[in-house]
Student: 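Just passing along the structure, written as structure tokens.
Position 1 is the first residue of the sequence; numbering continues from there.
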Amino acid sequence: NKHINYTKNPLTAIKQLSELMHVVQNTLQQVHLPMLVIQGSKDPTVTPTSAQGIFDNAATREKELVFVESERHGIINGDGSEAVFERVFQFLEHTRNRPLPAAATPT
């Protein structure tokens, strides 16, 4: 996958990614900050239900799920990447001046 900077896939990296996915999956109920989840509609690498699962399990009420038309895993490179960046920018603009939810405020 040289086009997305993966010239090698060490087994240790795959193990670490698996562990990270497990931790994230088990802590989504603790996420109370605004969340934007974006996935390519035909991503050949990520399970099609992955983005929906993240969205459904996050505790925050201020969340958005966006599927962009793409058959690539690297949606921030190449055709369509500008639309992804624009969508992220819109989300950040929309949420940047909002007060933190009570559950996300440091104690």
Student: Between V66 and V37, is a side-chain contact (heavy atoms from CB on, under 4.5 Å) present by the stated rule, with each step listed?
Tutor: CA-CA 6 Å; V66 176; V37 181; over 6 Å; no

Student: Under the 3.5 angstrom rule, does the side chain of K42 hit a backbone N or O of S70 as a donor-acceptor pair?
Tutor: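 Judged by distance alone, no pair lies under 3.5 Å.
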
Student: What heavy-atom pair brings F55 and K63 nearest, and what distance separates the two atoms?
Tutor: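 The pair with the smallest heavy-atom distance is O-NZ, 2.6 Å.
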
Student: Where the side chain of Q39 meets the backbone of T47, is there a donor-acceptor pair that is under 3.5 Å apart?
Tutor: yes

Student: Grab the two heavy atoms, one from A51 and one from L65, that are nearest each other, plus how far apart they are.
Tutor: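 So the minimum-distance heavy-atom pair works out to CB-CD1, 3.6 Å.
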
Student: If I take atom CZ from residue R96 and atom CZ from residue F89, how far apart are they, to the nearest 0.5 angstrom?
Tutor: 7.5 Å

Student: With side-chain contact (heavy atoms from CB on, under 4.5 Å) as the test, would you mind laying out the steps for V84 and I38 before giving the verdict?
Tutor: CA-CA 8 Å; V84 173; I38 303 178; 4.3 Å; yes

Student: Over all heavy atoms of both residues, which pair between A59 and H32 is shortest? Give the atoms and the distance, please.
Tutor: CB-CE1, 3.6 Å

Student: Looking only at atom types and distance, does a side-chain atom of S41 sit under 3.5 Å from a main-chain N or O of F67, one as donor and one as acceptor?
Tutor: no

Student: For a quick test of reading the model, state the closest non-hydrogen atom pair linking F85 to I76 and the distance between them.
Tutor: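 F85 and I76 have their closest heavy atoms at CZ-O, 3.5 Å.
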
Student: Identify the heavy atoms of E19 and K15 that sit nearest to each other, and give their distance.
Tutor: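 Looks like OE2-NZ, 2.5 Å.
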
Student: Within the 4.5 Å heavy-atom criterion, are E62 and T95 side-chain neighbours or not?
Tutor: yes

Student: Taking C-beta and beyond as the side chain, do I54 and D56 meet within less than 4.5 Å on heavy atoms?
Tutor: no

Student: Taking E69 for the side chain and G40 for the main chain, is one N or O donor matched with an acceptor at less than 3.5 Å?
Tutor: no

Student: About how many Å separate CD of Q25 and OG of S50, when rounded to the nearest 0.5 Å?
Tutor: 9.0 Å

